[in-house]
Amino acid sequence: MDGSESVDLVHDSSDSSFEKMNGCNGCNMVSRHETGIVHFDDSCDIDTEKNRKAKYLTAKYGAHQMQLIRKRLAVEDWVDERLKVLYCCEEADASYDTDVDLDELLDCETESEQRQYLKEKLRNAKRPKYEVQQFIEELLKKARETL
């Protein structure tokens, strides 16, 4: 057993009700009102890490898929940090006024279209043009290699 707790719900179509099968220590996990709306009661008085984790959906990915996801996140984090520099965002919570969408960038047919897309998105950058051009070149290289 992996230590996780699950709740299995069985729907009985004859009376349109839900039956609780495996709850957590007597908590009222499910109630069904006459309106047909199902409410989940998470007011369990046991506040353990296991119960908090149960509120989140988890998905399993293969090793190759996880590697691709990590690469993509690394590129997105790098883009975010570089955009903060290009737009002179000195405070941690300061934001820049552009949105470089990697999916839109990758949807461009040619590298020249990708360059044009990035130049258009970065036209209001506060740093010198050569720094913007350097960012564009680095991003296109990362896109070819990792995305």
Side-chain angles (χ1 to χ4, degrees), residues 1-11 13 16 18 20-24 27-147:
M1 191 100 179
D2 64 349
S4 63
E5 187 172 317
S6 64
V7 176
D8 299 321
L9 301 175
V10 177
H11 182 262
S13 59
S16 298
F18 285 95
K20 182 182 94 173
M21 290 182 66
N22 297 321
C24 73
C27 295
N28 182 19
M29 297 294 285
V30 178
S31 64
R32 185 179 184 283
H33 297 280
E34 292 76 28
T35 60
I37 299 172
V38 177
H39 295 277
F40 291 89
D41 183 12
D42 61 353
S43 62
C44 199
D45 48 333
I46 300 171
D47 191 23
T48 64
E49 185 67 27
K50 185 180 359 177
N51 287 338
R52 278 182 265 147
K53 284 184 178 181
K55 295 179 186 178
Y56 299 98
L57 176 65
T58 357
K60 292 186 177 182
Y61 294 99
H64 179 69
Q65 186 68 24
M66 281 305 298
Q67 182 182 18
L68 294 175
I69 291 169
R70 284 187 194 102
K71 284 181 179 180
R72 172 71 180 244
L73 286 174
V75 172
E76 288 181 0
D77 288 342
W78 178 83
V79 167
D80 184 54
E81 290 302 315
R82 290 298 308 267
L83 288 175
K84 286 179 183 177
V85 170
L86 291 175
Y87 282 86
C88 300
C89 298
E90 295 175 11
E91 297 176 17
D93 60 345
S95 65
Y96 37 85
D97 65 347
T98 191
D99 180 33
V100 175
D101 186 343
L102 293 179
D103 289 324
E104 285 183 29
L105 177 67
L106 295 173
D107 286 343
C108 293
E109 298 285 326
T110 65
E111 193 171 304
S112 65
E113 288 178 6
Q114 290 176 332
R115 271 192 180 78
Q116 186 59 38
Y117 168 79
L118 291 171
K119 285 180 183 178
E120 179 63 28
K121 290 291 187 175
L122 301 170
R123 70 182 178 278
N124 295 326
K126 310 241 185 299
R127 303 295 297 174
K129 294 295 179 195
Y130 74 89
E131 288 185 33
V132 173
Q133 188 60 36
Q134 181 182 11
F135 168 75
I136 290 172
E137 295 304 318
E138 289 177 31
L139 180 55
L140 290 176
K141 181 180 177 184
K142 285 182 181 292
R144 282 190 303 270
E145 293 173 354
T146 60
L147 301 179

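Just so you know, residue 1 is the first one in the sequence shown, and it goes up from there. The figures that follow rest on heavy atoms only: side chains count, while hydrogens, waters and symmetry mates do not. Note that the coordinates shown come from a computational prediction; the quantities given were computed from them, not determined experimentally.
- Remark: I69 CD1 to H64 NE2 distance equals 10.5 Å, nearest 0.5 Å.
- Side chains of D103 and R72 form a contact here, defined as non-hydrogen atoms less than 4.5 Å apart.
- Counting heavy atoms from C-beta on, the side chains of F135 and R127 never come closer than 4.5 Å.
- With a 4.5 Å cut-off on side-chain heavy atoms, T98 and N124 do not count as touching.
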| query | Where do R70 and M66 land on the side-chain contact (heavy atoms from CB on, under 4.5 Å) test, with the steps shown first? | reply | CA-CA 6 Å; R70 284 187 194 102; M66 281 305 298; 3.7 Å; yes
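- Considering all non-hydrogen atoms of both residues, I136 and R115 come closest at CG2-CG, 4.1 Å.
- To the nearest 0.5 angstrom, L118 atom CG is 7.5 Å from C108 atom SG.
- For the atom pair NZ of K119 and CD of Q116, the computed distance is 6.5 Å after rounding to the nearest 0.5 Å.
- R123 places a side-chain N or O within 3.5 Å of a backbone atom of E120 that can act as its donor or acceptor partner.
- Within the 3.5 Å criterion, the main-chain N or O of D107 finds no donor-acceptor partner in the side chain of Y117.
- The distance from the CD atom of Q134 to the CZ atom of R82 is 5.5 Å, given to the nearest 0.5 Å.
- Of the possible donor and acceptor atoms, one in the side chain of E113 sits under 3.5 Å from a partner among the backbone N and O of E109.
- Within the model, atoms CD of E104 and CG of D99 stand 7.5 Å from one another, a figure rounded to the nearest 0.5 Å.
- Residues D97 and Y87 have side chains in contact (heavy-atom distance under 4.5 Å, counting atoms from C-beta outward).
- Put simply, CG on L139 and CZ on R144 are 10.0 Å apart, with the number rounded to the nearest 0.5 Å.
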